[in-house]
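These notes concern the structure reproduced below.
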Amino acid sequence: MKPRLIQLDRADPGAIRDELLRGLRDDPAAIPPKYFYDALGARLFAAITELPEYYPTRTEAAIFARHADAMARLLPAFEALVDLGAGNCEKAARLFAPFGVRRYVAVDIAVDYLGESLDILRRQHPQLDMLGVGLDFSAHLALPAEAGAGPRLLFYPGSSIGNFTPAAALAFLRRARAAAQGGGLLIGVDLVKPVAVLEAAYADPLGVTAAFNRNVLAHVRRVAGADFSLADWGHVAFYNAGESRIEMHLEAVRDVAVRWPGGERRFAAGERIHTENSYKWRVADFAALLVEAGFRDLHHWTDDKGWFGVFLARA
Ligand code: AVI
């Protein structure tokens, strides 16, 4: 039997163009980081996770490998594991056995890509009830009735919460608590650490992160008709200690005019487009955020260096 697939939010091309052009006209100009993930961007991100400098993915995986059984003993009762930003579903699949998962709900922005991942999973876990949901969960978390009425364990790994401002993270966690229907949340969070380690993770010598950053312009060119030339833009990434975040920008290497149907913007050499924030949390501050969002019975695990944290909380 094929896994069921439901697409809830079909992005409207006009709204996407408006959002992007608004960001390009802003001062300073900005492009929302969700536009990194076109087909090539998703592959470049997968390559980033393999880089020696990009510690989050492997550090988080090691925490799960080491502590999954301890986590399983502390889990609230749940009927479905809801994987937010499921992608290839690999991270969640490693938890199926230790957590005794019976229903798996994979959520990502587009259901097309999920279909392939779930087909592969179905062969490995034929007993599992599976559902794929296409949903822009950064905007809302209203899951379809097919996801089930009972308590859910929401799974949000990879420190994607770090791409939200603290205020947006709080709003997201409140929505997650409601969506858990009395179950819980298991979430991966990147932690504050030495600046050199942080900056190397976002400015690797191979230039994969630079390619990932610049590729957003190719995506914007396609969907908003803005005539970016990628060679005009350099990758900039640095740690902003006051805001506790890595910032990524694209910097004009010369004076540049970017034109789109009905408008244009001139950038002076050195002017930047802000493309991403990646917040780094302290354990106590993230625990306080979870409590503020209404979660309780918190547990957390970190690696030996304290670089990454996995939090479990009851909704
Ligand atoms: C998806 N997100 C958690 C990544 C991060 O580390 O903020 C995206 C990324 N940007 C550059 N490298 C990785």
Side-chain angles (χ1 to χ4, degrees), residues 30-61 63-64 83-92 107-110 113 136-138 154-166 168-169 172-173 176 186-220 233-240 243-251 272-281 286 289 303 307-311:
I31 299 173
K34 65 183 173 191
Y35 293 102
F36 281 135
Y37 303 94
D38 63 355
L40 179 57
R43 287 190 171 87
L44 287 168
F45 179 64
I48 286 174
T49 67
E50 303 281 329
L51 292 170
E53 295 81 12
Y54 194 77
Y55 59 84
T57 311
R58 79 179 62 87
T59 309
E60 182 186 50
I63 294 171
F64 279 117
D83 186 3
L84 299 174
N88 62 16
C89 309
E90 259 175 25
K91 290 183 185 179
V107 182
D108 217 318
I109 190 109
Y113 179 49
D136 181 0
F137 58 85
S138 65
L154 266 63
F155 179 51
Y156 195 36
S159 197
S160 295
I161 190 88
N163 298 129
F164 293 135
T165 63
F172 173 83
L173 290 174
L186 185 63
I187 184 166
V189 184
D190 198 12
L191 301 177
V192 172
K193 61 184 62 60
V195 174
V197 178
L198 284 169
E199 291 190 338
Y202 292 83
D204 61 278
L206 209 50
V208 182
T209 310
F212 173 72
N213 197 8
R214 251 187 232 110
N215 177 63
V216 81
L217 299 178
H219 192 189
V220 176
W233 298 89
H235 170 66
V236 176
F238 58 88
Y239 187 60
N240 177 337
E243 297 288 343
S244 198
R245 68 188 190 201
I246 285 281
E247 292 185 16
M248 293 211 314
H249 301 257
L250 287 161
E251 184 173 289
R272 290 175 180 173
I273 303 174
H274 193 169
T275 51
E276 186 176 58
N277 292 318
S278 191
Y279 283 82
K280 308 303 167 187
W281 287 87
F286 196 76
L289 193 77
D303 53 292
W307 281 5
F308 199 93
V310 174
F311 292 75

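Worth knowing before you read on, the calculation uses all heavy atoms, side chains too, and leaves out hydrogens, waters and symmetry mates. All ligand and atom numbering here is 1-based and tracks the order in the structure.
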Side-chain donor-acceptor pairs under 3.5 Å in residues 46-54, sequence neighbours left out?
residue: T49; atom: OG1; partner: A46; partner atom: O; Å: 2.6

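For N277 and N163, the side-chain atoms include no donor-acceptor pair closer than 3.5 Å. For Y279 and T165, the side-chain atoms include no donor-acceptor pair closer than 3.5 Å.
For ligand 1, the 4.0 Å heavy-atom shell contains residues Y37, F45, I48, Y54, G158, S159, S160, N163, Y202, T209, F212, M248, E276, S278.
Considering only residues two or more places apart in sequence or on other chains, S160 meets the side chain to side chain donor-acceptor pair (under 3.5 Å) condition with none of them.
Within the structure, salt bridge (Lys or Arg N to Asp or Glu O under 4.0 Å) pairs that include any residue of residues 199-216 do not occur (at least two apart or interchain).
Taking the six-membered ring where tryptophan is involved, the planes of F212 and F45 are tilted, since the angle between them lies from 30° to 60°.
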